[in-house]
Number of protein chains: 2
Amino acid sequence: MDRYLSNAVNRIDQKGRVSVPAHFRAVLAKRSEGDLYALRALDIPALDVGGLDLLDRYEARIAREDPFAQAADDMSFFCHGDGAFLKLDGDGRITVTDFMREHTGIGTEVAFVGRGQFFQMWEPARFHAYREEARARLSRSRRNQVGPRPLGGTE
Amino acid sequence: MDRYLSNAVNRIDQKGRVSVPAHFRAVLAKRSEGDLYALRALDIPALDVGGLDLLDRYEARIAREDPFAQAADDMSFFCHGDGAFLKLDGDGRITVTDFMREHTGIGTEVAFVGRGQFFQMWEPARFHAYREEARARLSRSRRNQVGPRPLGGTE
DNA sequence: ATTACGCTCAAGGGATATCATGGGCACACA
DNA sequence: TGTGTGCCCATGATATCCCTTGAGCGTAAT
């Protein structure tokens with residue numbers, strides 16, 4: 001197993017710690033060494049989290065831009081300035097900081113959502129709402145499609 | 001860990017000192033020997049700070065200009081002549097000088113912002129405003145994008 | 001089939017280390 | 001004699017480490 005799949009909701013304890021699902025930790029260990037990289041996602045109240053390989057992907061993307069152009073600067077500002085390293089403690093937990101709470105609205109529980117190459121952290125209610133929106137968008141666009149179906153369904 | 005990442009706001013004390021975030025100090029120690037070099041960023045009210053390797057970035061840009069042109073001369077003047085060395089004290093703090101305050105508007109607090117190869121110092125409110133601008137620009141360019149997305153939350 | 005054991009994992013708590021911040025003191029330079 | 005600078009230590013908050021608890025689950029034994 002080398003992809004982040006499925007989702008789980010875990011509770012934040014009084015000291016602000018939350019367990020990263022064991023399955024995600026296993027994937028993480030396979031993809032990168034130790035540290036976790038977290039980033040405030042664009043447009044949605046979630047954090048994108050992964051190993052250092054996730055950061056590498058962003059940096060590779062930035063390297064393709066003219067390093068003195070505005071776009072490269074914005075991208076670096078976003079992924080370096082608005083990102084953070086998370087440390088897993090000995091029990092596989094991370095501490096939820098204000099940095100994370102502000103952007104996501106996370107309070108006492110965190111929804112961990114697998115996204116293949118990375119996973120996300122959401123406030124559970126927002127996650128459920130967003131999931132429904134996403135499903136609705138998909139099924140609407142499938143109905144509007146005349147030719148071959150974009151995704152899924154019965155063939 | 002060898003890149004400057006995440007951001008933090010620290011308070012300036014009555015003697016004009018401010019702690020450089022411990023994580024940044026660790027990166028600094030790994031990348032360069034002791035010295036910190038600060039320059040006033042072009043176009044934005046921030047300081048670019050790093051080891052002497054920070055100059056590599058600017059010198060690369062100068063190298064791309066015609067050495068007889070005014071622009072190359074101006075750039076060299078700017079990065080070699082208008083920078084300042086910062087001294088870390090025993091507790092990992094630097095003293096905020098007028099040189100820094102003038103350009104940035106820094107008053108009683110400093111926002112340290114990781115930028116990968118270097119980090120920046122901002123007046124916190126200006127930092128927050130600029131961060132929102134940068135995110136808005138990115139999100140706009142993501143929506144206008146037809147093909148694969150340049151960066152960002154959802155893949 | 002049902003009970004008992006053992007494993008994994010989320011979650012709680014106490015002790016300790018790290019870090020930002022405040023302040024004292026001495027030395028220099030003006 | 002002040003003012004700025006460097007060096008040292010004190011403190012409180014937070015993060016980190018280590019150990020414990022208890023629920024869920026599969027497996028094995030009765």
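Fair warning: this is a prediction, and the values are worked out from it, not measured in the lab. Proteins come first, then strands; the chains are lettered A, B, ... in the order of their sequence lines, and each starts at number 1.
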Here's one to test your reading of the geometry: is the NZ or CZ of A/Arg25 within 45 degrees of the ring axis of A/Phe119 and under 6.0 Å from its centre?
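No; the conditions do not both hold, so A/Arg25 does not lie above the ring face of A/Phe119.
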Is the NZ or CZ atom of B/Arg115 positioned over B/Phe24's six-membered ring, under 6.0 angstrom from the centre and within 45° of the axis?
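No.
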I need the [atom1]-[atom2] distance between [X] and [N], as an integer number of Å.
X	N	atom1	atom2	result
B/Phe24	C/dT18	CZ	C1'	17 Å
B/Ile94	C/dT21	CD1	P	12 Å
A/Phe112	C/dA11	CZ	C1'	13 Å
A/Asp13	D/dT16	CG	C1'	13 Å
B/Leu86	D/dT5	CG	C1'	15 Å
B/Asp89	C/dG23	CG	P	16 Å
A/Glu109	C/dG12	CD	P	11 Å
A/Arg17	D/dC19	CZ	P	14 Å

Is there, by distance only and without an angle test, a donor paired with an acceptor across the side chain of [X] and the base of [N] below 3.5 Å?
X	N	value
A/Asp91	D/dC19	yes
B/Arg93	C/dG22	yes
B/Arg11	C/dG22	no

Among B/Arg142, B/Arg137, B/Arg140, the one residue meeting salt bridge (charged side-chain N to carboxylate O under 4.0 Å, His left out) with A/Asp74
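With A/Asp74 as partner, salt bridge (charged side-chain N to carboxylate O under 4.0 Å, His left out) holds for just one option, B/Arg137.
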Sugar-phosphate only, base, or nothing, as touched by A/Lys87 at under 4.0 Å among non-hydrogen atoms:
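Since only primed, P, OP1 and OP2 atoms lie under 4.0 Å of A/Lys87, the category is sugar-phosphate.
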Within the structure shown, what part of the strands sits under 4.0 Å from A/Asn10 by heavy-atom distance: base, sugar-phosphate, or nothing?
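Contact class for A/Asn10: sugar-phosphate only.
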B/Asp91 with B/Arg93: basic N within carboxylate O range, under 4.0 Å
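Salt bridge between B/Asp91 and B/Arg93, a charged N being under 4.0 Å from a carboxylate O: yes.
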Presence of A/Gln14 side-chain N/O under 4.0 Å of C/dG12 phosphate oxygens OP1/OP2
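No, because none of the side-chain N or O atoms of A/Gln14 sits under 4.0 Å from OP1 or OP2 of C/dG12.
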Whether A/Arg25 contacts C/dA10 is assessed here as follows: a side-chain N or O lying under 4.0 Å from the phosphate OP1 or OP2. Is that the case?
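So the side chain of A/Arg25 is within the cut-off, an N or O lying under 4.0 Å from OP1 or OP2 of C/dA10.
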Could you check which of C/dA10, C/dA20, D/dG6 has an atom nearest any side-chain atom of B/Lys15?
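Output: D/dG6.
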For B/Tyr37, the option from B/Asp48, B/Leu86, B/Leu52 that meets side chain to side chain contact (heavy atoms under 4.5 Å, CB included)
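Option passing the side chain to side chain contact (heavy atoms under 4.5 Å, CB included) with B/Tyr37: B/Leu52.
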